[in-house]
Amino acid sequence: MPELPEVETVCRTLRPYLCGRVIEDFELRWRRTLANDCQQAFEERVIGNSIADVTRRGKLVVLVLGSGDWITIHLRMTGELLFREDRSVARTPEREPYLRAIFALSHYAELDFYDTRKFGRITLVNKVELIRLGNELGLEPLSPTFTVDALAHILQRRRRLKSLLLDQTAIAGLGNIYVDESMFRAGTHPLRPANELQHAEIVRLHSAIIDVLTMAVESRGTTLRDYRSGLGEQGTNQERLLVYGKKQGSPCSVCGTPLERMTIGQRTTVYCPTCQPLYGSNQA
DNA sequence: CACTGAGCCTGCTAGC
DNA sequence: TGCTAGCAGGCTCAGT
């Protein structure tokens, strides 16, 4: 499922193809894919507008329009943005049932939004709402503002570490895959109360998050099933996962201890009980 | 405040 | 082989 590295890859692949294009038309094939449920108002503000930039905020793909409005696209679980150079060429017919929205672009190009599970959302964000959105979302973990001190500040609440790391208002962009991978590399148990982490653990967690995300961006994302870049390519980061998706009892890649699976906040969690002790490692 | 569970969705798969 | 129950999970909302 797309998290920060996948969304970043989508943005990077789409940017050179979308910047400067004009949105000539919009077609909605599943009504709820458009978040505010007013297609007419959406089209009035979007059609005829140009795409000035393609950026990312947390897990949101952001199309910055010439007018200053934003179109944000949340891929959720199975959302996929696919650029097509020539819209007169027929689409792959077997994918067509999952096509939810279509942006017709200048010079015969097209941006297709596929979404099997229909969880994805396209939203028009005006300049006022944009400020609110910026305040709601948490720190960007790959930006210079994500320091050890900033992470320590976030972790002051007495909450399960995993739940806090998944909270988009705390840190924007982490999902189930990269939270499990980060906690494993940091050696912190997912059920640890966040405010009980020692400074040395916070330092390890900070660099683990940055390392895991940086590696995944370099691998162009994790493709477990649906995820593709803006040009339809798969990522390769699935080869580098150490705990996510592993079966209960499969050996830890570091110490060989059988991995454990549990559900935390309705999410499957895989961890190593030896490498990630519940009561904290007193080392360092 | 922290946590739980339902709901949104559909394809895949484990198990009968 | 064919069917079905359950799982996958980001996010919001209501309830404990």
Side-chain angles (χ1 to χ4, degrees), chain A residues 1-8 10 28-37 56-62 72-81 92-101 113-123 125 129 132-133 135-138 141 153-183 189-197 213 216 221-228 234 238 241 243-250 260-271 278:
Chain A
M1 59 252 49
E3 302 177 27
L4 187 152
E6 291 74 34
V7 177
E8 179 65 28
V10 168
L28 188 62
R29 295 195 176 182
W30 179 254
R31 177 144 288 134
R32 299 188 60 169
T33 293
L34 195 59
N36 17 20
D37 203 31
R56 178 191 61 74
R57 183 71 176 90
K59 298 178 193 171
L60 292 170
V61 176
V62 180
T72 64
I73 301 161
H74 200 310
L75 305 172
R76 292 281 175 93
M77 316 290 291
T78 56
E80 200 178 317
L81 282 170
T92 318
E94 53 268 27
R95 303 274 290 123
E96 191 98 8
Y98 309 112
L99 185 54
R100 309 302 180 196
F113 180 65
Y114 290 91
D115 187 18
T116 312
R117 304 268 296 273
K118 300 176 176 174
F119 283 169
R121 292 292 178 266
I122 300 174
T123 312
V125 180
E129 297 163 331
R132 204 188 61 216
L133 183 67
N135 293 333
E136 283 169 0
L137 286 172
H153 183 75
I154 288 166
L155 296 178
Q156 279 174 0
R157 294 158 65 189
R158 181 172 184 81
R159 234 182 125 179
R160 293 169 169 176
L161 179 62
K162 172 151 184 176
S163 301
L164 192 49
L165 294 179
L166 284 169
D167 184 344
Q168 300 301 296
T169 68
I171 300 172
L174 292 177
N176 206 31
I177 297 175
Y178 300 112
V179 165
D180 273 13
E181 293 296 312
S182 298
M183 290 186 303
H189 194 286
L191 289 178
R192 292 281 305 284
N195 62 351
E196 290 180 12
L197 262 66
L213 292 176
T222 298
T223 298
L224 296 169
R225 178 165 299 153
D226 301 286
Y227 163 71
R228 299 288 185 280
Q234 302 191 16
Q238 59 277 11
L241 300 179
V243 284
Y244 179 85
K246 304 289 183 196
K247 286 179 183 162
Q248 163 105 28
S250 61
E260 291 190 6
R261 269 176 99 110
M262 67 186 327
T263 300
I264 301 174
Q266 291 174 306
R267 264 146 245 182
T268 302
T269 303
V270 185
Y271 66 100
L278 183 52

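To find a chain, count down the sequence lines: A is the first, B the second, and so on, and within it residues start at 1.
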Participant: Using a 4.0 Å heavy-atom cut-off across all strands, classify A:Tyr244 as base, sugar-phosphate, or nothing.
Facilitator: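 If one applies the 4.0 Å heavy-atom cut-off, A:Tyr244 turns out to touch the sugar-phosphate alone, with no base involved.
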Participant: Do the non-hydrogen side-chain atoms of A:Leu166 and A:Ile264 ever get within less than 4.5 Å of each other?
Facilitator: no
Participant: In whole Å, I'd like the distance from the CD atom of A:Glu80 to the P atom of B:dC9.
Facilitator: 19 Å
Participant: Between C:dG10 and A:Lys59, is there an OP1 or OP2 to side-chain N/O distance shorter than 4.0 Å?
Facilitator: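 Looking at the OP1 and OP2 atoms of C:dG10, neither is under 4.0 Å from any side-chain N or O of A:Lys59.
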Participant: Taking only Lys NZ, Arg NE, NH1 and NH2, and the carboxylate oxygens of Asp or Glu, determine whether A:Glu136 and A:Arg132 approach each other closer than 4.0 Å.
Facilitator: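 Salt bridge: yes.
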Participant: Which part of the nucleic acid, if any, lies within contact of A:Gln266, taking any heavy atom under 4.0 Å across all strands shown: a base, the sugar-phosphate backbone alone, or nothing?
Facilitator: base
Participant: Is there a side-chain polar atom (N or O) of A:His74 under 4.0 Å from OP1 or OP2 of C:dC11?
Facilitator: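 For C:dC11, OP1 or OP2 has a side-chain N or O of A:His74 closer than 4.0 Å.
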Participant: What's A:Met1 touching, base or sugar-phosphate or nothing? Going by heavy atoms closer than 4.0 Å.
Facilitator: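 Sugar-phosphate, no base atom in range.
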Participant: Reckon A:Arg160 has a side-chain N or O less than 4.0 Å from the OP1 or OP2 of B:dC1?
Facilitator: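 So the side chain of A:Arg160 is outside the cut-off, no N or O lying under 4.0 Å from OP1 or OP2 of B:dC1.
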Participant: Has A:Arg157 got a side-chain N or O lying under 4.0 Å from the OP1 or OP2 atom of B:dC1?
Facilitator: no
Participant: Rounding to an integer number of Å, can you tell me how far A:Glu3 CD sits from C:dG10 P?
Facilitator: 6 Å
Participant: Tell me, with the steps shown, if A:Glu80 and A:Arg228 meet salt bridge (Lys or Arg N to Asp or Glu O under 4.0 Å).
Facilitator: CA-CA 7 Å; A:Glu80 200 178 317; A:Arg228 299 288 185 280; 5.4 Å; no
Participant: Could you grab the distance from atom CG of A:Asp115 to atom CG of A:Asp226, nearest 0.5 Å is fine?
Facilitator: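 Nearest 0.5 Å value for the CG-CG distance: 9.0 Å.
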Participant: Quick check on DNA chain B: between A:Arg225 and A:Arg159, whose nearest nucleotide comes earlier from the 5' end?
Facilitator: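 First, find each residue's nearest nucleotide; the 5'-ward one identifies A:Arg159.
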Participant: Can you tell me if A:Thr268 touches the phosphate of C:dA8, counting only side-chain N or O atoms and a distance under 4.0 Å to OP1 or OP2?
Facilitator: yes
Participant: Starting at atom NZ of A:Lys118, determine the distance to atom C1' of C:dA8, rounded to an integer number of angstrom.
Facilitator: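 Result: 17 Å.
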Participant: To the nearest Å, give me how far apart CZ (A:Arg121) and P (C:dC11) are.
Facilitator: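 The distance from CZ of A:Arg121 to P of C:dC11 comes to 12 Å, rounded to the nearest Å.
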Participant: Under 4.0 angstrom, heavy atoms only, what part of the nucleic acid is A:Arg31 near: base, sugar-phosphate, or nothing?
Facilitator: nothing
Participant: Specify the separation, in whole Å, of atom CE of A:Met77 and atom P of B:dC12.
Facilitator: 15 Å
Participant: Does A:Tyr98 have a side-chain nitrogen or oxygen under 4.0 Å from the phosphate oxygens OP1 or OP2 of B:dC9?
Facilitator: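 A:Tyr98 to B:dC9 OP1/OP2: no side-chain N or O under 4.0 Å.
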Participant: Looking at C:dG10, B:dC9, B:dG11, which one has an atom nearest to any side-chain atom of A:Arg32?
Facilitator: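 Side chain of A:Arg32 sits closest to B:dC9.
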Participant: When the distance from CG of A:Asp115 to P of C:dG10 is rounded to whole Å, what number comes out?
Facilitator: 14 Å
Participant: NZ of A:Lys162 versus C1' of B:dT4: gap in Å, rounded?
Facilitator: 16 Å
Participant: Using whole Å, report how far CD1 of A:Ile264 lies from C1' of C:dA8.
Facilitator: 17 Å
Participant: Taking A:Val243's backbone N and O only, do any of them form a donor-acceptor pair with A:Glu181's side chain (distance below 3.5 Å, no angle check)?
Facilitator: yes
Participant: Tell me the partner of C:dA14, counting only Watson-Crick (N1-N3 plus N6-O4 or O6-N4) or G-U wobble (N1-O2 and O6-N3) with both under 3.5 Å; none if nothing fits.
Facilitator: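 B:dT4 is the nucleotide pairing with C:dA14.
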Participant: Knowing that exactly one of A:Asp180, A:Asp167, A:Leu174 qualifies, which makes a side-chain contact (heavy atoms from CB on, under 4.5 Å) with A:Lys162?
Facilitator: A:Asp180
